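In what follows, a single structure is set out as structure tokens and then discussed.
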Amino acid sequence: MQIPGHIDPVTTGTVPLRRGNRVDLVGLTREGIRAALEEAGLDAKAAKLRSKQIWHWIYHRGVTEFDAMTDIAKAMRPWLTERFIVGRPTVVTAQVSTDGTRKWLLAAADGQEYEMVFIPDADRGTLCVSSQVGCTLNCRFCHTGTMRLVRNLSAGEIVGQVLLARDALGEWPKGTMASTADIDDEDDDAGHYTADGRMLTNIVMMGMGEPLYNFDEVKGALKIVMDGDGLALSKRRITLSTSGVVPMMARAGEEIGVNLAVSLHAVNKEIRDEIVPLNRKYGIEELLAACAAYPGANNARRITFEYVMLKDKNDSDADARELVRLIKQYKLPAKVNLIPFNPWPGAIYECSSPERVRAFSNIIFESGISAPIRTPRGRDIMAACGQLKSAATKPSRAELDRIAEEKQAALG
């Protein structure tokens, strides 16, 4: 079946699925890279030096081949190539919307698929990153919620989305930082380092999955993304969205420290129980109390409440006034992001009318709380908020056994 939207033939930076026992270094910390090098046979001093160099090439320069790491001795590069890879997700399809939004369907090494989206604006470029294959929350307005949870994504698979986006956008610096005074067999024609401008300026953990149900891997990935010697994206430019996993919210603020967005979508128990079933476990009051206690939240770093506008479900003037009351009751430094419902096949809801959305927004604005209306992006390629879904399925026991046998056979 023809996929709607322009199919981008460029799969820059993808690496074919590889078999064998080579270790993928993407997603490892500096210490993890050092440990992997030592385990492969390097002495401690050499491993410490090489891990620092490899980190720079992977996360600051976007290099995927060891032969391109020009400050590592040429004689050592084949040794690294035999033992390690610098991977990327495989691009299954890449689509471009009429509004410039880009969506990639990606495949992991085990064949499981997930999606990421890049949204360009005049003053920023936002990458929407997935944290799981599928989702366990079953939010009724969300297409991803109709999937079963297949598995968590690893830190490497999460970081890999950011690396792949930079590949596709052509945003890696060019040339080399090394000097011949440091490395005597460096390539002579490597060029000069330049700090190019960036299109990818912001990251939102709002793709497939609930990030706080994959806390450790999300934390590890974002620590790499924020590292000043690598991708160097400020925590103020990263937003983590949760449907309200209350016990993990304080840890997210303390241990990751990025901006918080909360998928609220309703202001009373009956409606939120229906559209965000997690509310039956962690109710609105408990959720808002956790928001009030979120580390680092203040008027300069407000909590964003995401609110999808569903016709005749959560969009009345009374709902808007109750939302204002709750925000003020809990003294929350907040803004409300109003999201017109993005339809998908089989959805049981309709989008509120533009007039109803504007009226809802006006009530909130008049109370002194910001309530911008999000412009739907990428609807024609099913890339808008709540529309992401892949064909990934949880493998059976027999399938897992077959995959294990194939991997063992490939290893000899």
Side-chain angles (χ1 to χ4, degrees), residues 3-8 10-14 88-108 112-135 139 141-147 153 157-171 198-211 218 221-222 225 231 233 237-242 258-259 261 263 304 306 308 337 339-345 374-392:
I3 300 174
H6 169 64
I7 306 300
D8 185 351
V10 179
T11 56
T12 306
T14 58
R88 293 288 192 274
T90 295
V91 174
V92 179
T93 57
Q95 298 170 257
V96 181
S97 168
T98 54
D99 63 24
T101 299
R102 303 180 66 168
K103 182 175 78 169
W104 292 265
L105 176 63
L106 307 175
Q112 295 294 353
E113 295 177 349
Y114 49 100
E115 294 185 320
M116 73 172 185
V117 174
F118 177 71
I119 307 163
D121 284 303
D123 60 344
R124 69 177 63 193
T126 302
L127 186 69
C128 183
V129 174
S130 291
S131 58
Q132 296 178 311
V133 180
C135 189
C139 297
F141 63 88
C142 179
H143 203 197
T144 311
T146 65
M147 294 179 63
L153 293 177
E157 289 167 331
I158 295 169
V159 174
Q161 296 172 64
V162 183
L163 302 182
L164 180 62
R166 280 205 166 171
D167 291 345
L169 296 170
E171 293 207 316
R198 294 283 181 264
M199 291 174 64
L200 198 170
T201 62
N202 294 68
I203 289 175
V204 291
M205 296 299 304
M206 296 182 184
M208 295 169 59
E210 164 56 62
V218 168
L222 292 183
V225 169
L231 292 164
L233 202 64
R237 292 188 173 272
I238 300 173
T239 299
L240 184 150
S241 176
T242 179
V258 296
N259 300 319
S263 294
T304 298
E306 297 164 308
V308 64
N337 205 355
I339 306 168
F341 173 66
N342 296 301
W344 43 268
R374 182 185 296 178
T375 302
R377 300 290 299 274
R379 274 182 170 176
D380 57 324
I381 59 170
M382 294 289 288
C385 181
Q387 290 185 318
L388 299 189
K389 183 178 180 180
S390 74

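Everything quoted here is computed from the prediction, not taken from an experiment. Starting from 1, each residue takes its place in the sequence as its number.
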TODO: Using the side chain to side chain contact (heavy atoms under 4.5 Å, CB included) rule, pick out the option among V117, I119, L169 that qualifies with R102.
DONE: L169
Task: Distance-minimising heavy-atom pair for V162 and L200 - done: O-CD1, 4.4 Å
Open item on the list: Could you go through L106 and Q161, starting from their C-alpha distance and side-chain angles, then the distance that decides it, and tell me whether this counts as side-chain contact (heavy atoms from CB on, under 4.5 Å)?
Closed with: CA-CA 9 Å; L106 307 175; Q161 296 172 64; 4.0 Å; yes
Open item on the list: One pair to check against side-chain contact (heavy atoms from CB on, under 4.5 Å): M116 and M208. What are the steps and the verdict?
Closed with: CA-CA 8 Å; M116 73 172 185; M208 295 169 59; over 6 Å; no
Task: Separation of W104 CH2 from T93 OG1 (nearest 0.5 Å) - done: 11.0 Å
Task: Audit row: Q112, L153, side-chain contact (heavy atoms from CB on, under 4.5 Å) steps and yes/no - done: CA-CA 10 Å; Q112 295 294 353; L153 293 177; over 6 Å; no
Open item on the list: Which residue in the set V129, T239, N259, L127 passes side chain to side chain contact (heavy atoms under 4.5 Å, CB included) when paired with M205?
Closed with: V129
- [ ] Search all heavy atoms of S241 against all heavy atoms of S263 and return the closest pair with its distance.
- [x] OG-OG, 3.6 Å
- [ ] Hey, could you give me the CD1/OG1 distance between I238 and T126, rounded to the nearest 0.5 Å?
- [x] 11.5 Å
TODO: Go through the steps for Y114 and Q132 under the test side-chain contact (heavy atoms from CB on, under 4.5 Å), then give the verdict.
DONE: CA-CA 8 Å; Y114 49 100; Q132 296 178 311; over 6 Å; no
Open item on the list: What's the separation between atom CG in L222 and atom CG in L240, rounded to the nearest 0.5 Å?
Closed with: 7.0 Å
Open item on the list: On a heavy-atom basis, which atom in P211 and which in G209 lie closest, and how many Å separate them?
Closed with: CD-O, 3.5 Å
TODO: State, with a plain yes or no, whether a side-chain heavy atom of L233 is found less than 4.5 Å away from one of I203.
DONE: yes
Task: Exam field: side chain D99 to backbone T101, donor-acceptor pair closer than 3.5 Å - done: yes
Task: Closest contact, heavy atoms only, A221 versus I158 - done: CB-CG2, 3.5 Å
Task: Point-to-point distance, once rounded to the nearest 0.5 Å, from CG of N202 to CZ of R237 - done: 5.0 Å
Task: Shortest non-hydrogen contact from P89 toward G160 - done: CD-O, 3.7 Å
Open item on the list: Is a donor from one side chain sitting under 3.5 angstrom from an acceptor on the other, for E210 and S131?
Closed with: no
